[in-house]
Structure formats: structure tokens, C-alpha cells
Amino acid sequence: MIEGGWTFVFGAYGVTFGGLGVLAAVVALRLRHWAKRAKALQL
Amino acid sequence: MSGSGPFQDKPSLRVESLTLKRGERILVRDLSFVAAPGAFVEVRGGNGAGKTTLLRALAGFLKPSAGRIVFDGAEEPSLTMHYVGHLNALKGGASVRAHLRYWAGLFGVAERDDEALSRLSLAAQADLPARVLSQGQARRLALSRLVIAKRPVWLLDEPAAALDAQGRAVLAALIEAHRADGGVVVAAVHEALGPAPSQTLTVGV
Amino acid sequence: MSAFVATFKRDVALMWTGGGALAPVGYFLGATMLVPLAMGPDRALLEAAGPPLVWIAAALAVLATLERLFQADLEDGSLEQMLLSPAPLEMLVLAKGLAMWCVVGLPIALAGAPAAIALQAPIELVPAIVLSLALGMAAFIGVGLVGAALTAGVKRGGVLIALIVLPFFAPPIIFGSAVAVGDAVAAALSILAGCALGATALGPIAAAGALRLQAE
Amino acid sequence: MLTYLSNPQRFMAFSAWAAPLFFAAAVIALGVGLPWSLVFSPADYQQGETVRIMYVHVPAAWWSMGVFAFMAAASFVGLVWRHALADVAARAAAPIGATLAGLCLITGSLWGAPTWGTWWEWDGRMTSMLVLFVTYLGYIALWSAIEDEEKAARLAAILCLVGAINLPIVHFSVEWWSTLHQPASIVRSGGSAIHPSMLGPLLTMAAGYLFLFGALVMMNMRAAIFRRRVESARARGGEA
């Protein structure tokens, strides 16, 4: 049995949630940007 | 359809409420016309008005966003037509004669290079590579496809571009002979080609 | 003369006047030359790991020739004329691929003999390596047709073609390198033949679909 | 359902509430799955705590392939029925799939370091995943290199379908290759023999990933549709 290894576990979770978080943020910001401009044009 | 006799099946071209778009822009709206055997349809309009787009749609390269293009009396439209566009479809490294032979093979007809060379007065250049041809000679070589394979519908985009007076006379003669055989010519032009058109379409505006 | 033969002859002639296999074969041999420079001249090391690297050189040499394959036809209007031929575009694309295999693929496969020997392949394996390269070239060109057709409208699309096509190079390289190290040669050769066949059958269909869109 | 949503207006109305809903579901599932997998699930008798990496690694592997399958299906629909929304969907999914594939590779490497003693092993699964990742990059690069969007959509769809044929072939080749080169010395849990107590957190995390994908792909599609509206309004404005 491998002892310890928490560094790797935290690394993996950090990368995963960090990566997904950045992706979600980029997607949300892009959506907000275009939604705003579309609304502005329709008014 | 061998020899120089008239076309047996004489297809005609029928366009029904055709609408063409380029991206979001509508270039041709609700256009209808019929070109019977022997017709010479002149397409006019300013630069960017959609002349080329119309011809490319007739050739089948572009899907119309509405309307129909029908070739009556033809099973496979792409085999009934010639398209001479802005681009001459020449390879600089190949000789004039190599082009004629390639096209004969591509269009599935017997080779007749000598007839094409003499009718387009390119005999002197037969063995020259295409890259050394003048612009007028290159255009005549592109037009020689009309002679190599007998096809009833000709779609010509500015066919007289880069042609000198003699070249224009050759082109006018080709068109007259084709109409006499019962062929159809649709040509986008800036200024009149010579032969009187049977109808004139104006696109754009 | 059928449209297939006419296209094949024309492409062979054009590639020949454009320098033929000189540049791709030169590139192939040059890339092979870099391998011992990178690995060091240790014979034992080269014997163990060298021969499969001819496949890297071969893949690079093919990639370099793909960019203009259809781009030139799109730019000069030849593609429009191909669409008006009685032969289906798929056949004409196949003819162009076959021409490329003859002018570029086969010479590279033959140049694979000296390259493999220089990388310390055992001499009795060399015929199998040449054969595997010939099959692998067919597979590379078959999928390369698709990459070239997809990027025909992209200026300076060379890097893009490479990126698109590389995942498709993985299977032939795997089986090809097995031949080069002498592992399961017969099995690897027959699978390579399958790759070549599959790529030759499917590549022109996908490439022709892409080219019809390019002509719009 | 799909035919109903194929109309862009209806899709916009649907996704306006569905995307936030999916996002909330993703937050809940990941919020439950995170402590479950990190704290409350048991350590492996062989791998110890490092087995917990499985809960982020395996769903990433599953869905990076699932997203590609989704894109292939959307590409097929877009190509055959010339359906604009399907093109939008395929394009919207690509960066998400690429991210998942990338995360799968990184977490795989972090898992391999303590268990196999190497940061990278050319085993069948990791090699196939690397090929999938490169395929994603090629797809995205092709999309962005072609200016005409309609053409780009069709060409990318062809690439996606051809890629979908290629990936299983790559997978089998790599399997064949790794049996040739390395006797099965690497023992790896996760796969067929999985303890039931690990299944709960694994499936919860996988569900969280799926909901997140659903939310993000809808958001990306909404952004693309808004952008198209803006651009076509500008084009009309430019003509007048």
C-alpha cells in the first residue's frame, strides 16, 4: 500500500477544479459579453 | 453528341424564383427566366452585384437558398455545361497542348487539340508552357474548353476579359456558331460581347 | 482516355516538372540524418532504437508535400472544372492521391532502405521496411488528402494540416515501427496493408466532400 | 425533444432556464462528490489515498470521449440535414471536451507518479487520450482558421466524423502496440474491479461533470447565437 500521496491527490483535485472553474468563468464571461451586445442592438 | 452537328436533345435552362445569398447578404432575389435552345442571355450588373454568384449557382457550385434551377432535357446538369469563370484553370508548368489533352480526358471526349488550336488561333503556342502565355492567350486557352467538349450550355463569366479585338471576334464567332447549333449561352458581361443577346438580366440594385 | 487516367497523368507530369521527388526525398534523408546527431553515434543505442525513426522522417516528408495538393487547384479554378467532369470527384481525388504516391510515396519508401541501414537496421529487415514504408505512404497520403482538402482555403495552412493529420498517422506509425524493429513483422505488415486500404477507400470520399464545400 | 429544440428561438427560450438549472445541478453534484470522494470514501488497500485521484480522472476520461461522440452526432446532423443549430452545438462542445481531455491527461500523470513511479506511461489508455486531445486541438484550429462560418462548420463536421472513425482504430492499435512492448507489468485498479463503496462518489462526480458539460455547452451555444445576431444586425446596418 502506498503511504501518503496526499500531495498528488490535492494536486489533481486542484488542477481539475481550477481548470473547470476557469473554463466555466471564460464561458460565462463570453456569454455575458455577447448577450449584452445583442440586447443593446435590439433596443 | 459527337461531331459538330446540332445538339440532339437541345436542353433549355429554366430558373424559377431563385434567391442567392452570400453569407447574410442577399445578392439575387426571386429571379426567374427561361433560356430556350439558341438563347443568348446577357447578365449585367455592377461589380459585386452578384453576376458571378448567379453563374456559379447555375453551374451547381453554390446551393440556392430558395428557388430552382432546371435543365430541361438533361439528366445530369453538370455534364451539359461549360463554366468559364474568372479563373482560367491553367497550370503554369503544363503546355498548351497538355491542357487540351487533359481537358478532353477530364470531360470524357475524344481529343481534338488541332481543331481547338486553330479555332482559338493558338497553334503557334501549342508547345509553350502556360506560364509564358500573354493574358489574352491564356484566356483563349481557357475558352478552348468550349470547343474541346461539345456541351450545350455555356456559362461564361466576363469571357472577353483580357481579350484583344481579334480575340473578341473569335469569341463572338464561337457564340454565334453555338447558338446556331441550338446551344444556350449565359454570359456575365461588362460591355456587349458582339452578338445581340436574346435577353438581358440585370442583377443587383 | 478516362478522366481518372487524365488526372493521374497530369498530376504526375506537373509534380515531375515541379521537381519530382527530389525535395521530399531530400527532406526525408535530411531528417534521418538528424537522428544519430540527436542520439549520439553509439551503435548499440542506434541498433536498439534507431530504425523506427525512419517513420518520423517519412511522416514529416509527406506532411511537407500536402499543403499545395488541392490549394493550387482551388486558387487557379481547376477544381471548378473537376466538378464538371463526368467522373465523380472522389475518383479524381483518388487519381491525384495515386499520382502523389507514385511520385513522392514510392521514392521515399525506396529511400527508406539507405535510411534504415544508416540507422543500423539489420540488413535482412530492410526489404520489409521498404515494403512497410510503401504501404504506410499510401495510408499517410489517403488521410493526407482529407487534411489537404479541409485546409485548401487556408493561407499558409501547413501547420494546420500537420495538426489535423497527425492523429491519423498514429496507427500506421505504430505498425510500421513494429516492422522496423522486427516485431511481429507479418502481422504488422498485413495490418498496415489494411490501414492503407482503408485510408485509400475513405480518404477520397471525405476529401471530395470537403472540396465540394471549398468550391462554393 | 431534439426536433422541438432544433428551432433557435425555442432553443434560446429553453436554454435560458435550462442552462442555469444544469449549472446548479452540477454545483450540487460536485459539491456532494467532492467531500465524498476526498474524505468519506475509503482509501484503497493497495494505492492508499492516491486512489482518490480516480474520482476526478475517470469522469474526465469518460466525458472527454462522450463529448467527442456528442460532437460527432451533432456534426452528422449538421452535415446531412444542414442544420445550423447542430453546427453551433458541435463547435460549442469542442473547447469543453478539449479541457476534459487535458485534465484527464494531467490527473493521469499525477496518478501515475505515486502508483507507477513515473509521470508518464505510454500505456494504451493514456496514449489514446493524448491522440484524442490532439484531435480536439485540430478541430478547434480548423474552425478558427476558416473565415466563412458556414463553410467552417461543414468542414469541421467532416473532420469530426473522420476523427470519430480514427479514434477506435488508434485505440486498438495502441493496445496491440503496448502488449507487444510491455508485458502487463502495470497493475491498475479502477476499471473492472471496482469496490462498490467507490462507485457512489465516482458516479456522483461523473454526474457533476455531465451537468457541467450540459450547462457550459448551452452557454457557449447561447453566446454563439447572440454573436450571430449581433453580426447580422451589423451587416444589415452596414447595407442600409
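Just so it is clear, the model here is predicted, and its values are computed rather than measured. To find a chain, count down the sequence lines: A is the first, B the second, and so on, and within it residues start at 1.
Within 6.0 Å of atom CZ in B:Arg29, 12 or fewer heavy atoms from other residues, nucleotides or ligands are found, so the atom counts as exposed in its surroundings. Environment of CD in B:Glu176: crowded, with over 12 heavy atoms of neighbouring residues, nucleotides or ligands closer than 6.0 Å. For C:Leu22, the CG atom is loosely surrounded, since the number of other residues' heavy atoms within 6.0 Å does not exceed 12.
In terms of heavy atoms, B:Leu106 sits closest to C:Ala6 at N-CB, 4.0 Å.
Put simply, the side chain of C:Thr17 never gets that close to the backbone of B:Gly93: no donor and acceptor are under 3.5 Å apart.
Legend: side chain to side chain donor-acceptor pair (under 3.5 Å) pairs involving residues 48-61 of chain B, not counting sequence neighbours, sorted by first then second residue: B:Thr52-B:His86, B:Thr52-B:Asp157, B:Arg56-C:Glu80.
Remark: C:Asp11 does not engage B:Lys91 in a salt bridge, criterion side-chain N to carboxylate O under 4.0 Å.
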- Message: Using side chain to side chain contact (heavy atoms under 4.5 Å, CB included), reason through B:Asn88 and C:Asp76 one step at a time and then give a plain yes or no.
- Response: CA-CA 7 Å; B:Asn88 287 331; C:Asp76 67 21; over 6 Å; no

- Message: Let's go through C:Gln81 and B:Phe107 carefully: what are the C-alpha distance in whole Å and the side-chain angles of both, what is the deciding distance for side chain to side chain contact (heavy atoms under 4.5 Å, CB included) to 0.1 Å, and is it a yes or a no?
- Response: CA-CA 9 Å; C:Gln81 300 306 318; B:Phe107 297 130; 3.4 Å; yes

- Message: Is there a side chain to side chain contact (heavy atoms under 4.5 Å, CB included) between B:Lys63 and C:Glu216? Walk through the geometry before answering.
- Response: CA-CA 8 Å; B:Lys63 300 262 177 311; C:Glu216 270 190 12; 4.2 Å; yes

- Task: For the pair C:Leu84 and B:Leu79, evaluate side chain to side chain contact (heavy atoms under 4.5 Å, CB included) and give the outcome as yes or no after the intermediate values.
- Result: CA-CA 6 Å; C:Leu84 296 180; B:Leu79 304 187; over 6 Å; no

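The distance from the OG atom of C:Ser78 to the CG atom of B:Leu90 is 7.5 Å, given to the nearest 0.5 Å. Note that the OG atom of C:Ser85 and the CH2 atom of B:Trp103 stand 14.0 Å from one another [nearest 0.5 Å].
Only the backbone of B:Ala59 comes within contact range of chain C, judged by heavy atoms closer than 4.5 Å. Residue B:Ala94 touches chain C through both its backbone and its side chain, counting heavy-atom pairs closer than 4.5 Å. Looking at C:Leu79, neither its backbone nor its side chain comes within 4.5 Å of chain B, counting heavy atoms on both sides.
Of the residues considered (C:Pro86, C:Ala72, C:Ala215, C:Ala13), C:Pro86 shows the highest number of contacts with chain B, using heavy-atom pairs under 4.5 Å.
Residues B:His99 and C:Arg10 form a side-chain contact, since some pair of their non-hydrogen atoms from C-beta on lies under 4.5 Å apart. Between B:Tyr83 and C:Leu83 the shortest side-chain heavy-atom distance does not fall below 4.5 Å.
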